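Have a look at the structure below before the remarks.
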Amino acid sequence: LVGTGYAFLSVAAYPFLSVAEFGMLAAALTGINAGALLSMSASPAAYFVYMVPNISTLIILAATHPKPGYGTVMVLLLAVYLAAMVVLGLQVHTSQRNGILLSLRLGETAHRDSLTGLFNRRYLAQFMDKEWSRVLRAWHPHTREMPTNGLAIIVVDIDHFKRVND
């Protein structure tokens, strides 16, 4: 909605702008779009809905009602900028997505034994903290009712496990 608002303001102001003022408007809007890329890159669709209306409006205005002094140069510059921002938006989104996926994979790797693939002591400590909190929330010592949630720990010690493991 904000991008469309910028587009309407550009259309309304265009007849009253000199070449220099139109250049400043284009520079301001491109700067705003570059800043929006940082905050909206998690959703390329939202960024494109924000960015495309106001930049394409400038391109259409510059192409259909050119001001003396810049001709098609401004149209080409804005078109190249629009294409560059679309590509950059997709690259930033992909980079953020890959970073999140890598972080999740690293977290999973940190909780598993590399040889067996089983959960390790670090995972057990975190899991037990959560489970212990859950049991304490469900436990009401002043009532005689048994809690519906419980916790059981089974410890198995295998003698001479090295022979089995090798």
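Note that these values count all heavy atoms, side chains included, but never hydrogens, waters or copies made by symmetry. The model shown is predicted, which means the values in this text are computed figures rather than measured ones.
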Quiz item: For the atom pair CG (Leu118) and NE2 (His111), what is the distance rounded to the nearest 0.5 Å?
Solution: 14.5 Å
Quiz item: Is Val19 reachable from Tyr81 through a run of I, L, V, M, F, W or Y residues, each pair having side-chain heavy atoms under 4.5 Å apart?
Solution: yes
Self-check item: Heavy-atom side-chain proximity of Val52 to Met85 below 4.5 angstrom
Solution: no
Practice problem: Would you indicate whether Arg112, at its atom CZ, is surrounded by more than 12 heavy atoms from other residues, nucleotides or ligands within a distance under 6.0 Å? | Solution: yes
Quiz item: Got a sec, which pairs hit ring pair (Phe, Tyr, Trp, His ring centres under 6.0 Å) with one end in residues 15-39, sequence neighbours left out?
Solution: Tyr14-Phe22, Phe22-Tyr70
Self-check item: Within-4.5 Å side-chain heavy-atom neighbours: Leu90 and Phe48
Solution: yes
Practice problem: Consider only side-chain heavy atoms of I, L, V, M, F, W and Y, link residues closer than 4.5 Å, and tell whether Ile153 and Tyr123 are in one cluster. | Solution: yes
Practice problem: Indicate yes or no for a side-chain donor-acceptor contact from Ser95 to the backbone of Gln91 under 3.5 Å, with no hydrogens or angles considered. | Solution: no
Quiz item: If Ile, Leu, Val, Met, Phe, Trp and Tyr residues are connected whenever their side-chain heavy atoms lie under 4.5 Å apart, and connections chain through other members, are Met24 and Leu29 in the same group?
Solution: no
Quiz item: Side-chain heavy atoms under 4.5 angstrom apart, residues restricted to Ile, Leu, Val, Met, Phe, Trp, Tyr: same cluster for Trp132 and Phe127?
Solution: yes
Practice problem: Spell out, yes or no, whether Leu82 and Leu9 are grouped together once hydrophobic residues are joined by side-chain heavy atoms under 4.5 Å, including indirect joins. | Solution: no
Quiz item: What are the two closest heavy atoms between Ala7 and Thr57, and how far apart are they?
Solution: CB-OG1, 3.2 Å
Exercise. Mind checking salt bridge (Lys or Arg N to Asp or Glu O under 4.0 Å) for Glu131 and listing every partner two or more places apart, or none if nothing turns up?
Key: Arg134
Quiz item: Closest heavy-atom contact between Asn120 and Ala110?
Solution: ND2-O, 2.9 Å
Quiz item: In Å and rounded to the nearest 0.5 Å, what is the OG to CG distance from Ser10 to Leu25?
Solution: 4.5 Å
Quiz item: Listed by chain and number, what are the ring pair (Phe, Tyr, Trp, His ring centres under 6.0 Å) partners of Phe8, not counting sequence neighbours?
Solution: none
Practice problem: Working to the nearest 0.5 Å, report the span between CD1 of Ile60 and CG of Leu78. | Solution: 11.5 Å
Self-check item: Ser133 side chain to Asp129 backbone, donor-acceptor under 3.5 Å
Solution: yes
Exercise. Work out which heavy atom in Pro15 is nearest to a heavy atom in Val11; give both atom names and the distance.
Key: CD-O, 3.5 Å
Practice problem: May I ask you to decide if Val86's main-chain N or O and Tyr47's side chain share a donor-acceptor pair within less than 3.5 Å? | Solution: no
Practice problem: Nearest 0.5 Å please: distance from the CD1 atom of Ile59 over to the OG1 atom of Thr64. | Solution: 11.5 Å
Quiz item: In a check of side-chain contact (heavy atoms from CB on, under 4.5 Å) between Thr30 and each of Ile55, Leu77, Leu58, which one passes?
Solution: Ile55
